Amino acid sequence: MGINIKKMKVLTAYIMIFILQNLFLCIILNQKFEIWIKFLAVFSVFLFLIDTIFFIILGKKIFSVGYIFVALSFLFHMGQVILHAFFKDYNYISADFIKIYPEQLTKSALLFSLNIIQIVTFFILLSTYSKIKRERMNSKFNKISNTQLKLVGWIMCIITVPMKFKYIKAAIDIVQDETYVSSIVEGFSGVYIQISNFCIIAFVILLFAYSYNKVMQKIILFSSCLFFVWSMLSGGRIYGVISILILLLCYIRINDIKINFISITVMCFFMVVFLQLITTISFIRTTHEFNIQNLIQYAFNPSNNFLLKMLDEFGGTVGTVIFTFDEVPRYLDFHNGQSYIKAWMLVGFNINGILNQISKEISYTLLFSNRFHLGGSYIGELYYNFGFFSYAFAPLVGLFIGKISEMSDYCLENKLVIEFAVLVMPVYGAISWVRGYFDSFTRSFVWGTVFILFFYFVCRRIKISDLKRKLIGI
């Protein structure tokens, strides 16, 4: 196998930038905190732009799981850094997490976060999907007609969408009655919620099945996105946001939409509307009067800068990393990689609460002594498990995300519908891992695969001609 000279040059340049960035930030580590944080903010923006350029140079897709993971890593872990550095008078929605702990601890946590992002990005860029594995994948799940594909999609829709609707409706009712505290809704089992989440798989299959009918495909895309936007009224936005990202990724790649001035303008417009909606929900969910009227009133208030609020709300994930640095190992012992092993145990059924303790160990922020309602972070999770040895394990995260990204790219390019349907939940888990825990991947991957393959093999055995005769009474 020949050496890709261009790739070697780009990756060498990446390593040099990484070394120089660390040398500079370490040299000025003893500078006043406000000066150091400004440099860190500038480096964060600069490195994100460099990463974007390297993705393009190496032929990686911007509309890919890998790039989305990198972009969200910067947004969620460096957003408040930019706010703190350049917008001193900004009024934070929850808290300026960068000001809570001693400056030296915060510096260590922030530098660690930036370094992990860069290491993970490097190995995403390095990862490739081998020709042998592509040939193996190309031979699977190819005996199904488009009509049977529609059947798989619609049956899954009929099962999962009403379940998801019922769950979201109950969650919205709770938010309207109480202040938003958590996304837990009583009366729904974990199995019920997991199956209802598979509606995203059904929508993806239907986008593929109706790729020849652009009008119907657009109706499915619009309806499903509207459904997930409505789901955000429950206060929990992560499932809806990631689902919409997956649907847009599929639609763009299935139809091979070219990047030009018009497409960029249209995407920017919808992105502005979408981000305004997300930040509006974030603010309104903290009040008792959570309704459509308040959403509209807040959204169209010109004094609300949604870009700054986006950096605030999403960028607060860095607080998880900072708190982890404070809590581990002072109050909690390093978990020594157990999070990634025990997460697979959560695939089973939680009979009589036998998995409760394991779940709490994996969602480790629940064990913190502070009172903040924190989400997860794959960077914080690395430190919780390995401390500064995380630098040795971060490449595995990059290769893992890179493989999922490459596999999904290949399936989308070659219209391998069932293969991509199997990957939908791993893609969801990979993206949500940015501000979650590794268990967001395991259970949804295993049960999602079982769910889609069951309907695939059942529908593949159905002869459409016989089905039509039965339906019309022949």
Side-chain angles (χ1 to χ4, degrees), residues 51-52 55-56 58-73 120-121 123-142 149 152-153 156 197-209 211 217 221 224-225 228 239 241-257 259 378 396-434 436 438 440-442 444-453 456:
D51 290 348
T52 302
F55 263 85
I56 295 171
L58 292 177
K60 301 283 185 178
K61 301 290 185 182
I62 294 298
F63 292 105
S64 67
V65 177
Y67 185 78
I68 291 172
F69 187 89
V70 171
L72 292 181
S73 292
V120 168
T121 302
F123 281 90
I124 289 175
L125 291 170
L126 193 64
S127 64
T128 55
Y129 195 47
S130 71
K131 184 179 179 181
I132 295 174
K133 288 183 178 178
R134 290 185 180 198
E135 289 173 352
R136 287 176 182 172
M137 177 172 275
N138 210 23
S139 63
K140 295 178 182 178
F141 308 120
N142 54 358
L149 192 63
V152 173
M156 289 182 67
N197 285 342
F198 296 152
C199 62
I200 178 62
I201 302 177
F203 292 138
V204 165
I205 290 174
L206 291 175
L207 284 179
F208 274 101
S211 58
Q217 189 188 44
L221 176 67
S224 55
C225 286
F228 290 122
Y239 178 78
V241 170
I242 295 177
S243 296
I244 291 172
L245 283 174
I246 292 173
L247 290 170
L248 293 176
L249 172 67
C250 292
Y251 180 78
I252 290 169
R253 299 292 296 280
I254 290 170
N255 295 289
D256 195 22
I257 296 176
I259 304 301
Y378 78 97
L396 297 178
V397 176
L399 291 173
F400 177 70
I401 299 298
K403 290 301 179 185
I404 291 177
S405 183
E406 291 286 323
M407 289 170 66
S408 61
D409 283 346
Y410 182 75
C411 292
L412 288 169
E413 287 170 4
N414 293 276
K415 306 297 187 291
L416 302 177
V417 186
I418 300 301
E419 289 86 345
F420 184 77
V422 170
L423 285 172
V424 168
M425 295 317 292
V427 166
Y428 171 84
I431 297 174
S432 64
W433 194 19
V434 173
F438 187 64
S440 64
F441 170 83
T442 53
S444 60
F445 165 60
V446 173
W447 287 106
T449 301
V450 171
F451 194 71
I452 178 61
L453 292 185
Y456 164 73

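Since the structure is predicted, the reported quantities are computational estimates derived from the model, not experimental observations.
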**Q** So I246 and F203, do their side chains get closer than 4.5 Å, heavy atoms only?
**A** no

**Q** Can you list the residues that meet the side chain to side chain donor-acceptor pair (under 3.5 Å) rule with Y428, with sequence neighbours excluded?
**A** none

**Q** Is the centre of the F441 ring less than 6.0 Å from the centre of the F400 ring?
**A**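 Yes, the ring centres sit under 6.0 Å apart.
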
**Q** Looking at every heavy atom in both M156 and F198, which two are closest together, and how far apart are they?
**A**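 Where M156 meets F198 most closely, the heavy atoms are CE-O, 4.2 Å.
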
**Q** In terms of relative ring orientation, are W433 and F69 parallel, tilted or perpendicular, with 30° and 60° separating the classes?
**A**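 W433 vs F69 ring planes: tilted.
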
**Q** Ignoring hydrogens, what is the shortest heavy-atom contact between K415 and R253? Give both atom names and the distance.
**A**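 Nearest pair, atom of K415 first, then R253: NZ-O, 4.3 Å.
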
**Q** side-chain contact (heavy atoms from CB on, under 4.5 Å), that's the test. Do Y410 and E419 meet it? Break it down for me.
**A** CA-CA 10 Å; Y410 182 75; E419 289 86 345; over 6 Å; no

**Q** How long is the straight-line distance from CG of L125 back to CG of D51, given to the nearest 0.5 Å?
**A** 7.0 Å

**Q** Minimum heavy-atom separation for G66 and I401, please, with both atom names.
**A**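 Heavy-atom minimum between the residues: CA-CG2, 4.3 Å.
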
**Q** Let me know which of D409, V427, I431, L399 forms a side-chain contact (heavy atoms from CB on, under 4.5 Å) with I404.
**A** V427

**Q** As an exercise, state the distance from OG of S224 to CG of L248, rounded to the nearest 0.5 Å.
**A** 8.5 Å

**Q** Taking only residues two or more places apart in sequence, or in another chain, which ones meet F123 in a ring-ring contact (aromatic ring centres under 6.0 Å, His included)?
**A**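 None.
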
**Q** Supply the atom-to-atom distance F228 CZ to I200 CD1, rounded to the nearest 0.5 angstrom.
**A**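 With rounding to 0.5 Å, CZ (F228) is 4.5 Å from CD1 (I200).
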
**Q** Could you measure the distance from the CG atom of L423 to the CD1 atom of I201? Nearest 0.5 Å is fine.
**A**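 Taking CG in L423 and CD1 in I201, the distance rounds to 10.5 Å.
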
**Q** Output, in order, the C-alpha distance, side-chain angles, deciding distance and verdict of side-chain contact (heavy atoms from CB on, under 4.5 Å) for I205 and I452.
**A** CA-CA 10 Å; I205 290 174; I452 178 61; 3.3 Å; yes

**Q** Ignoring hydrogens, what is the shortest heavy-atom contact between S127 and G402? Give both atom names and the distance.
**A**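 What the structure gives for the nearest pair is OG-CA, 3.2 Å.
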
**Q** About how many Å separate NZ of K61 and OG of S408, when rounded to the nearest 0.5 Å?
**A**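 These two atoms lie 11.5 Å from each other.
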
**Q** side-chain contact (heavy atoms from CB on, under 4.5 Å) for I418 and L149? Distances and angles first, verdict last.
**A** CA-CA 9 Å; I418 300 301; L149 192 63; 3.9 Å; yes

**Q** Counting only N and O atoms by type, is there a donor-acceptor contact under 3.5 Å from the side chain of Y67 to the main-chain atoms of K60?
**A** no

**Q** Distance from F208 atom CZ to I254 atom CD1, nearest 0.5 Å?
**A**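 Rounded to the nearest 0.5 Å, the CZ-CD1 separation comes to 4.0 Å.
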
